[in-house]
Amino acid sequence: MTPSRRTAATPPILLARTLPTPILATPMLSTRTLAALTLTTLTLITSPPSHAQTHLIAVTAGGAVGVRADALPDPLYPTLGQPGLDVQHYDVRLTVPSPGTPDLRSDTTLTVRADRDLNDVRLDYSGPRVLNVTWNGQPVPYRHTTGQDTTPDKLIVQRALPAGRDARIRVTAAGPAGGVPDPTLNITLGWQSVPATPTQPGANFTFSEPDGTHSLIPCNDHPSDPATFTTTLTVPRGVTAVASGSRLADRAHLNGTHSVTFTLTNPVPTYALGIGVGTLDTAARPAVETAGQRVTLTDYFPTSVPDTIRAPYARTGDILITLSGWFGPYPFGTYGSVVVTPDLPALETATLSTMPVRSSRERVIVHEIAHQWFGNAVPLASWSDTWLNEGFATYAELLWTQAQGQDAAPLLRGWRDRLRPGTRPLTATTRAQMFDATAYARGALALHALRTQVGDDAFRTFLHTYTRTRAGQPTRPQDLLHLTRTVLGPQAADLLNTWITQPDLP
Ligand code: TRP
Ligand code: ZN
């Protein structure tokens, strides 16, 4: 049995009920710690360990964080990620010398751990040219496979990593960062460059779901390996730089640049790393308390963006409060939106949603906030399960509508109408299905059916339990079904299962 299977096999509800409430009520204590505690406790009960065993337990418990032995290869993106590799932290340092151009310098340190013996470390990477790679501070041989049609873009670090061992891999690179073109999704993912115009200075930002982050930095680019991030951005004076996480420091340099650091202490999937660089207005809003926890709020708008576009973001605090009532405590310490000008979908980048001008509407704002729980805090185990993200985020639009005292019937009708041309079981079998109407609308209708059957109080308890027990744990529909059965009973689980598997709309 692999370490990650042991952790995954711990019944989430058992975990929730066996731990003393004060521990669960402490927001700073991550699921990682809970998993480690539970695993250690269970092992201690079954076999009193020697010191050597205790050490081993600590290592395997830690090694199980954020990876699932059953997640790779991904059915839709079989080349992404390395089975057995667990990246715990990314320390990302980016220099953007001239915003609006693709020019970039990067210095990324990955703290990695192996949960099985690895002959080498194979990171996803199609970014700027690699200059140097070190392993625990020492030079290490590497190979960057890129530009060949048949081989995926990988940075192969040629050193073995035995099971249970850590290493710090540091990669420096420089050059133009393009995106990763995705013909099926009809979008170029990754580092975006918005050239300056006579009326607007240049800007850059990330748009990475599903696999654009490896156009920027070497990474284990799959949601089944979420990690924490520290991001330091160095940009010219007068340019604003923002990233996922809480802002730590802003240091001015003598050469006319400044560096800003952001830290994200809860693990999130790689695609959720958000970065925005440009001439931006900063709108600090009053902090809110959600479930006794303080959340700071800041939005960023390109100076050219008019007030009508900015107005709906003033509701952000109210939305956070309403949604945390349904979902449980907001998972991070900060939130905001960075508004961008190109016509792209909105994206739920962690603590800092990336909001195109054209998507600057209340419903989309609600949707991206909901993803902070569903997708960012609770990550996917497989790209075929995007409905777990999109269904919950879409359903949040209804919860917000009702909280405003408005009728939800038009939304429900709208979702059914979107599915009239045809639907499918919820698991996506092609990349084109990942963000289709079924993922969004059928996912939301499934949750509504569940709520209608069990009632609001049970539904709320169910949502709270899901976000609390699955945070940081790559999640599959089976995990949701297991929880449904445990918290809501077998009838509810059967209902949800019908919505997941039946070809036609139930
Ligand atoms: N997750 C995004 C949203 O909230 C949508 C999205 C991300 C998307 N990447 C995409 C849509 C690529 C189409 C193509 O809803
Ligand atoms: Zn979404």
Side-chain angles (χ1 to χ4, degrees), residues 74 76-77 80 179-192 205-216 221-223 226 244 268-275 312-313 316 319 323 327 331 335-340 342-380 382-400 411 414-415 418 426 428 430-447 467 475:
D74 187 276
L76 302 183
Y77 289 83
L80 290 179
V180 183
D182 191 318
T184 328
L185 298 177
N186 197 19
I187 208 170
T188 294
L189 298 164
W191 190 242
Q192 312 283 320
F205 63 97
T206 52
F207 186 99
S208 299
E209 190 186 11
D211 68 334
T213 297
H214 74 272
S215 78
L216 192 62
D221 207 1
H222 192 270
S244 290
V268 299
T270 46
Y271 71 83
L273 173 63
I275 295 173
Y313 293 96
T316 299
I319 297 166
L323 293 188
F327 300 156
Y335 186 73
S337 295
V338 57
V339 171
V340 298
D343 280 351
L344 282 166
L347 185 62
E348 64 264 30
T349 29
T351 77
L352 180 74
S353 290
T354 305
M355 302 294 298
V357 166
R358 68 148 190 207
S359 298
S360 295
R361 287 174 282 118
E362 197 170 285
R363 269 197 39 202
V364 186
I365 296 169
V366 171
H367 181 104
E368 305 313 327
I369 293 177
H371 274 308
Q372 303 303 318
W373 284 265
F374 303 100
N376 294 352
V378 179
L380 297 178
S382 167
W383 280 121
S384 54
D385 301 325
T386 48
W387 75 268
L388 284 176
N389 289 357
E390 302 307 340
F392 281 107
T394 303
Y395 195 62
E397 299 168 30
L398 181 144
L399 294 172
W400 172 251
L411 271 182
W415 292 339
R418 276 174 72 186
L426 279 166
T430 67
R431 293 185 188 187
Q433 292 175 344
M434 290 168 60
F435 302 104
D436 70 1
T438 292
Y440 286 76
R442 181 171 171 153
L445 286 169
L447 294 167
T467 59
T475 295

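Order of listing sets the numbers, starting from 1, for every ligand and every atom in it.
Here T270 contributes atom OG1 and H222 contributes atom NE2; the two are 9.0 Å apart, rounded to the nearest 0.5 Å. Between atom CG of residue L323 and atom CD1 of residue I369 there is a gap of 6.5 Å, rounded to the nearest 0.5 Å. Atom CZ of residue R361 and atom OH of residue Y313 lie 9.5 Å apart, to the nearest 0.5 angstrom. The CE atom of M434 sits 10.5 Å away from the CG atom of D385 when rounded to the nearest 0.5 Å.
Protein neighbours of ligand 1 below 4.0 Å, counting non-hydrogen atoms: L185, F207, E209, P345, A346, L347, E348, H367, E368, H371, E390, F435, Y440.
In this structure, S353 and Q372 approach most closely via the heavy-atom pair OG-NE2, 3.4 Å.
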Stepwise side-chain contact (heavy atoms from CB on, under 4.5 Å) check, T349 with F207
CA-CA 8 Å; T349 29; F207 186 99; over 6 Å; no
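Using a 4.5 Å cut-off on side-chain heavy atoms (C-beta onward), L189 and Y271 make no contact.
Residue-and-atom listing of protein N/O/S atoms under 2.8 Å from the Zn ion (ligand 2), sorted by chain and number: H367 NE2, H371 NE2, E390 OE1.
When each of L344, L347, V340, I365 is checked for a side-chain contact (heavy atoms from CB on, under 4.5 Å) with M355, only I365 meets the rule.
Residues D221 and T213 have side chains that never bring a donor and an acceptor to within less than 3.5 angstrom of each other.
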